[in-house]
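Input: a single structure, listed below in structure tokens.
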Amino acid sequence: MKVIDAIKTRKSVRSFLDTPIENEKMNTILNAARLAPSASNLQEWRFIIVSDPNLRSKLAEAANGQTFVGEAPIIIVACAETHNHVMSCGQLCYPIDVAIALDHITLVAVEQGLGTCWIGAFNEQKVKETLSIPNEIRVVELMPIGYPADPSISEKNRLSLDEIVKYEHW
Ligand SMILES: Cc1cc2nc3c(=O)[nH]c(=O)nc-3n(C[C@H](O)[C@H](O)[C@H](O)COP(=O)(O)O)c2cc1C
């Protein structure tokens with residue numbers, strides 16, 4: 001699959017089949033995250049792979065009760081082991097770097113016939129308690145992953161290029 005086709009096909013999947021994900025596919029997907037770029041090559045991302053149904057349902061509760069999160073066969077809990085490094089542009093590195101790695105995950109998941117959804121609506125403390133994550137670690141996103149119940153391609157509601165691109169000056 002071409003990258004542009006994976007980008008066009010990816011959508012937020014909020015309904016999953018029970019079908020388990022093959023280990024080989026998960027390894028391919030996690031390796032794509034491992035290969036992502038990061039500021040100063042810090043690679044502060046850490047991933048917890050959660051498949052236990054009881055933990056998944058607790059994570060769904062921690063995700064403000066978004067029950068579909070717990071219905072995916074796996075939830076990737078994207079964390080950062082970080083010293084809060086800030087780039088000279090003033091931006092914090094780890095949220096950007098973890099997001100790049102997760103975007104690799106979403107695109108390779110599509111290539112593998114899988115669907116994902118970014119989950120930013122969650123209570124970090126509850127996620128930490130559920131998975132015994134140490135205090136100094138940040139939880140950046142949750143990402144349920146599985147075979148989509150509806151694999152059809154959906155229309156993307158996006159601003160036009162004219163609205164988001166400027167040339168030479170603001
Ligand atoms: C950082 C981030 C956080 C998000 N958090 C949630 C969430 O908590 N729950 C949810 O259902 N969707 C969440 N989304 C999905 C967005 O709603 C979705 O990406 C957007 O509406 C565009 O739709 P698409 O992903 O199908 O193209 C999140 C997306 C991003 C990038």
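All ligand and atom numbering here is 1-based and tracks the order in the structure.
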What is the closest protein heavy atom to [atom], and at what distance does it sit?
atom: atom 6 (C) of ligand 1; result: Trp118 O, 3.0 Å
atom: atom 20 (C) of ligand 1; result: Ser12 OG, 4.6 Å
atom: atom 9 (N) of ligand 1; result: Gln66 OE1, 2.7 Å
atom: atom 1 (C) of ligand 1; result: Glu141 OE2, 3.6 Å
atom: atom 17 (O) of ligand 1; result: Arg14 NH2, 3.4 Å

Give the atoms of ligand 1, by number and element, whose distance to some non-hydrogen atom of [X] is under 4.0 Å.
X: Ala121; answer: 8 (O)
X: Lys156; answer: 27 (O)
X: Lys11; answer: 26 (O)

| query | At under 4.0 Å between heavy atoms, which part of Ala63 makes contact with ligand 1: side chain, backbone, both or neither? | reply |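 The answer is neither.
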| request: Would you kindly confirm whether Leu55 and Ile48 end up in one hydrophobic cluster when ILVMFWY residues are joined by side chain heavy atoms under 4.5 Å apart? | output: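 Leu55 clusters together with Ile48.
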| said: Tell me whether Phe68 shares a hydrophobic cluster with Ile74, the cluster being built from Ile, Leu, Val, Met, Phe, Trp, Tyr side chains joined at under 4.5 Å. | reply: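 In one cluster with Phe68: Ile74, no.
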Heavy-atom donor-acceptor pair, [X] side chain to [Y] backbone, under 3.5 Å:
X: His104; Y: Ala32; result: yes
X: Lys128; Y: Ile137; result: yes
X: Glu129; Y: Lys126; result: no

| Heavy-atom pair of closest approach, residues Ala101 and Phe47 |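 Here Ala101 and Phe47 meet closest at CB-CZ, 3.9 Å.
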| task | Using protein heavy atoms only, decide if any is under 4.0 Å from atom 3 (C) of ligand 1. | result |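 Answer yes: something from the protein, a heavy atom, is under 4.0 Å.
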| query | Is any heavy atom of the protein nearer than 4.0 Å to atom 12 (N) of ligand 1? | reply |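 There is a protein heavy atom less than 4.0 Å from atom 12 (N) of ligand 1.
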| message | Distance alone, cut at 3.5 Å: any donor-acceptor contact between the side chains of Ser152 and Asp150? | response |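 Asp150 and Ser152 do have a side-chain donor-acceptor pair below 3.5 Å.
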| query | Judged by non-hydrogen atoms, does Arg158 sit under 4.0 Å from ligand 1? | reply |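 Within the 4.0 Å threshold, so yes.
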| query | Does ligand 1 have any atom that is closer than 4.0 Å to a heavy atom of Phe68? | reply |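 The answer is yes: ligand 1 sits under 4.0 Å from a heavy atom of Phe68.
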| said: Per the side-chain hydrogen bond (donor to acceptor under 3.5 Å, both in side chains) rule, what does the pair list look like for residues 30-42, sequence neighbours excluded? | reply: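 As it turns out, the side-chain hydrogen bond (donor to acceptor under 3.5 Å, both in side chains) pairs with a partner in residues 30-42, which skip direct neighbours, are Asn31-Arg34, Asn41-Gln43.
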| Residues Arg138 and Glu124 bridged, charged N to O under 4.0 Å |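 Looking at Arg138 and Glu124, the cut-off is met.
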| query | When only distance counts, is Gly120 in polar contact with ligand 1, meaning an N/O pair under 3.5 Å? | reply |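 Yes; at least one N/O pair falls below 3.5 Å.
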